[in-house]
Structure formats: structure tokens, C-alpha cells
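Take a look at the structure set out below.
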Number of protein chains: 2
Amino acid sequence: MKSNFNDKQIQILEVAETLFAEKGFDGTSIRNIAKVAKINIAMVSYYFGSKERLLESLIVYRTSDLKNQLDNLLQEDLEPIEKINKLIELYINRINSNRGIYRILHFEFTSKKREQNLQAFSELKKGNLKSLETIIEEGQKKGIFRKDVIIPLITPTILGTFFHFHMNKPFFENLLNLKTEDLYNNYIKTNLTKHIQQTIKALLIYES
Amino acid sequence: MKSNFNDKQIQILEVAETLFAEKGFDGTSIRNIAKVAKINIAMVSYYFGSKERLLESLIVYRTSDLKNQLDNLLQEDLEPIEKINKLIELYINRINSNRGIYRILHFEFTSKKREQNLQAFSELKKGNLKSLETIIEEGQKKGIFRKDVIIPLITPTILGTFFHFHMNKPFFENLLNLKTEDLYNNYIKTNLTKHIQQTIKALLIYES
DNA sequence: GTTTAAATTAAACACTTGTTTAGTTTTGTT
DNA sequence: AACAAAACTAAACAAGTGTTTAATTTAAAC
């Protein structure tokens, strides 16, 4: 799939991503972006129309291929619990290596200020939920998963756990002695991912 | 415990809380606050020194008594799993009825911009974690809880689930048909809280 | 009732914001 | 080489930013 953005636009988008993620949308100025990207301040308006539309373009640029990845997972020949584990891994991996944009989505598109631009994002979430539902219902049909779980609340547990961990990065770096970026990333890839998988598995299979 | 703020300051703090929560710290101007609170724009500087220090005061104003509530819970005569359930309920209830400030904490104090003001907040979190540890170790000693859970990751699961749900409020309102504020709040108090309790219980007790 | 401190105000300050304009330079096409 | 479209620029724009100032009103103390 070819991108609709040219090199210069992508350059701007990626600088904007970093800065929005670091300092928020309102905390980042166009002059700020222009300086870091080494472009003229007028180029943002020239290429994207406005700062607001730059944000929209950024969302499109970064979230366009998640759906495909999920669809592929669904069609793999795996046990439901394995699919769940892989889905969790996929989510964490993807979000973790695209921290910027997900942080932005998390922050900017949940405030009242930007409720309008919400639609495309909402469609993405609905699609993701559908995929999860398919897997879980498969597990329930096979008698492996319990049937009294509220499926739409599982995503908040998966993503919320990750986000809450990541948003308190300095706290956990200190607490868990994750001195380098590598140690931190490794902790997410192993311990945190495993914790989430363990949690969801316990929730889906446990019988009181 | 008496508050250090006078009526006028509290009035300003509460308006600021609402606006910061709605539009973010950078998205809210002093003139904005002054208009809603019906005060002169100079009063913010007069009473708090600066916009930044207004935010600090707001944190102090809102988080000062959580520690006591947790300490009380610890000393109750309950089974560990009951204490966990109550702790979850306490967290959700408290955060849910102080949404503003927690949203602000969540947003503002996790961005690189405000890393300095982090210390007091970090102490609060450490204290909370200590309380949770105490309860879980008690359960482990009694042979009720499994011992291979990573305790510091449980808080992210509890709070993260709630936050992720709440930050996607419009999405879940639509999905779960929670047309009124009452329905939404009730869903949190019952279904969401139960989901989190069920999840944590499964995680702590489940034996593969 | 006068004095003194606190509370409140309108105006000004210097600075930053997003966007537009009117050019200039670069690039590609014929 | 000549032209046209695209890319790029510096400068200006009006509006908004947080903070300070100097003056005025209100309240408390004596």
C-alpha cells in the first residue's frame, strides 16, 4: 500500500509525532515543529492546511495498516488462547513501537476539544473489538472460555494496563530499576506482556 | 484536617479543575478560568503566583486525604480477597467522583514537560503500592494467593482498565447504550468495577 | 473615624500563537 | 532556452498568551 504523503510531508509528520507525543498538541507550536524539521513555518499550512489537519493526517498516516494485521491473525490456525496471546503481543508490540501516535490518540482524542475528529478513530476501535469478539466466541463455543465475561471490557484491561504502565514510565523506571531504554523496552516485551497475557487468560478460563 | 485555601482560592481551583480536565493545561488560558470563575485575570497570579503553581496547588488540594482512606482499609478485619475488592472499589469510586483531577494527573504529569513537579505525586503512588503489597503478601502467607504475580503491575491493570474505559467514554457510551450520565456512572459502579474485581481475583487465585 | 493591610481592578507589558501574503527560487516539461 | 507549476521563504497579520503594574475599593483594627 502506497502512502499518499511525499517525503517532505512525512518528514513533517514524524517531527510532529515526536513533539505532540512529548508535549501535547496544544503544547507544541508550528514554529516548534518547523525548527526541529528544519522547514519554514509556512510549510505546515502549505502541505496540510492547518495545524488541526496536520494532526488528522498524522492519525491516518499511522493507523492505516493495523486492521490488516488483525485480519491475518484471525485466519491463522491456532487455539483461541494462543490467538488471544498473539493479539496481546501484537497490540503491545505495535503500540510500543509507535508510542508517539498512540500517546497522541490517547491524549488528544479523548478530550472534549476534539470530539468531532473522532469518527475514523471510532471505526478503528469497533473493528478491533469485532476481531476480539470473534476469537473469544470461538473459545466459548469450544468450551474453553467462560461465558460470563464482558468482552468489550477486555480491551480496556489489555490496553489500559499497558498505557498506565507506560504513562508512569519515570515511576516504574525508578521502581523496577530499568535504567536504560533497552531495559525498559525489554521489560515491556517480556514481563509486562506476560503479565497481561496471564491476566486475560486467568479471566477467561478461571472457574470459581 | 483544615484546608490551607480560602473560599476564593477554592473557587478558582475548582473552575481550573474542570477546565484543565476538559481542555488540558495548555488548552486552558488564565482568561478562560477568570471568565468562568467570574474573577479578574490578575487574581490567579495574586493567589497562586503563576499558572504552573495553580496546577500544583490543585494537586495538593485534591490528593491530600487518599492515604488515610487506604490506611483505614488496611486495618479492617477482612479476608485478603475482600480487602482487594474493597481497594478496587475505593479506587474506582474515588477516581470516578474526582474525575477531573485524576484526568489531569494522568495527562499532565506523564508528559515530559512537567517532569519536575513529579515528586509529590510519585510519593503518593509509592504509598499506594505499599498498601497493595501488604494485602497481597497477607493473602500469599495464608496460601490463598499465588506467588508468581508481579505486584507492581496489578495497579496498572486496575487503574489502567478504568482509565482506558473512561478516556474512551464517547465510544463506550455508544457501544453499551449508556445514554445518560447516570447510566454511565452506574455502569462503572457495577459492571466495570465487577469486571476489574473479577479480573484481579482470577489473576491472584487461578492455578494453571 | 482614621489608618493599615488585603482584595480587586483595568490597563499595559512583552511575547507567542496559527495563518496569510507576496514574493522568490527550484523543478520539470516542452 | 522558455515557460509554468510546485516548492519554498521572510515578513506581516491579528489575536491570544501569562504576568506585572499602579491605582482603587473593601475590610479589619485601633
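Everything numeric in this text was worked out from a predicted model, so none of it was measured. Just so it is clear: chains get the letters A, B, ... in the order the sequence lines come, proteins before strands, and each one is counted from 1.
As rounded to whole Å, 11 Å separates atom C1' of C:dT8 from atom CD1 of B:Ile12. Rounded to an integer number of Å, the gap from A:Asn40 CG to C:dT19 P is 14 Å. Remark: P of D:dA7 and CG of A:Asp7 are 12 Å apart, rounded to the nearest angstrom. Rounded to an integer number of Å, the gap from NZ of B:Lys38 to C1' of C:dT8 is 17 Å. Regarding A:Lys8, its NZ atom lies at a distance of 5 Å from the P atom of D:dC8, rounded to whole Å. For the pair B:Asn6 CG and D:dA28 P, the interatomic distance rounds to 13 Å; values are reported in whole Å. What separates CE of B:Met43 from P of C:dT9 is a distance of 7 Å, to the nearest Å. With rounding to whole Å, A:Lys51 atom NZ is found 8 Å from C:dT17 atom C1'.
Between the side chains of A:Thr157 and B:Thr199, no donor N or O sits under 3.5 Å from an acceptor N or O. Looking only at atom types and distance, the side chain of B:Tyr102 has a donor-acceptor partner in the side chain of B:Arg94 under 3.5 Å away.
A residue-by-residue look at A:Ala42 and A:Asn32 shows that A:Asn32 has its nearest nucleotide of DNA chain C further toward the 5' end.
Under 3.5 Å, the side chain of B:Arg31 and the base of D:dG16 form no donor-acceptor pair of N or O atoms.
For D:dA6, neither phosphate oxygen OP1 nor OP2 lies less than 4.0 angstrom from any side-chain nitrogen or oxygen of A:Tyr47. Distances shown here put every side-chain N or O of B:Tyr46 at or beyond 4.0 Å from the OP1 or OP2 atom of C:dT8. Side-chain N/O atoms of A:Ser29 include none lying less than 4.0 angstrom from OP1 or OP2 on C:dT16.
For the ring-ring contact (aromatic ring centres under 6.0 Å, His included) criterion with A:Phe172, the lone passing option out of A:Phe165, A:Tyr187, A:Phe162 is A:Phe165.
Looking at heavy atoms from C-beta onward, A:Leu13 lies out of side-chain contact with A:Arg62 at the 4.5 angstrom threshold.
The residue B:Phe48 sits apart from the nucleic acid: no heavy atom pair falls under 4.0 Å.
Under the 4.0 Å criterion applied to side-chain N and carboxylate O atoms, B:Arg99 and B:Glu181 are assigned as salt-bridge partners.
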